[in-house]
Amino acid sequence: MTRALRTDRLRTFAGQIASLVDQHAPEAQLLETGGAHLRELIAHDDWLPDAFAQPDPERYQQFLLYADALQRFSIVSFVWGPGQSTPVHDHTVWGLIGVLRGAEIAQGYSITPEGELREEGDAHRLDAGTVDAVSPRIGDIHRVSNAFGDRTSISIHVYGANIGAVTRSVYPAGGGRKTFISGYSNDLLPNIWNVSKEPLVS
Ligand code: FE
């Protein structure tokens, strides 16, 4: 018998982020407290429906899991096929990244006063269960890659906007920047509101 998905975990997390945003918490507090909530969410791998965990052979996928009605934040699953990697990109808003399955490699970048892209510190590995943060205040440009060449990795992100609709930049190897709007890989969202059908959890 298959166990019912614990969709309540995603609903609880969305509520926790909504509360923080409602309180107009300063960004540092939002990242710290929100990061603790995200760590709690990714500590269990029993809630993400399979439809939002599917890699694509061509490119990494960004599935919208939840969007705030006022577009103050959004929650996505990022699914990397073996060896897949993002371009160097920014976010323009705060973001938290928590690895649910597999592992990822993140390399931060900064722009020099001459306008050149420079690696910022060493690449760091994010294993399942760990959380990273980005924002224009603490460092907003990075490249993220699947740490594995032979399996899928999945991370859960929360951003301070409807991230799929935000105009952002990628930084090509040859210099300069190009704007992009990521959109989402899915048209339908998980139903986290079917409360009466959920198993009773203690
Ligand atoms: Fe990113």
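This chain uses plain numbering: 1 for the first residue, then up along the sequence. Remember, it's 1-based here, ligands and their atoms both numbered in the order they're listed. Just so it is clear, the model here is predicted, and its values are computed rather than measured.
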Pair R11 + E198: basic N to acidic O under 4.0 Å: yes

Side chain of Q84, backbone of G81: donor and acceptor closer than 3.5 Å? yes

The side-chain contact (heavy atoms from CB on, under 4.5 Å) partners of L188 (sequence neighbours excluded) come to none

Residue pairs fulfilling salt bridge (charged side-chain N to carboxylate O under 4.0 Å, His left out) with at least one residue in residues 71-83, sequence neighbours excluded: D22-R72, D68-R72

Which of the protein's N, O or S atoms come within less than 2.8 Å of the Fe ion (ligand 1), not counting waters? H89 NE2, H91 NE2, H142 NE2

Quick one about H124 and D132 (side-chain donor to acceptor, distance below 3.5 Å, no hydrogens or angles considered), yes or no? yes

Note: with side-chain heavy atoms under 4.5 Å as the link, the other cluster members for V76 come out as Y60, L64, F78, W80, V93, V144, Y159, I163, V166, Y184, L189

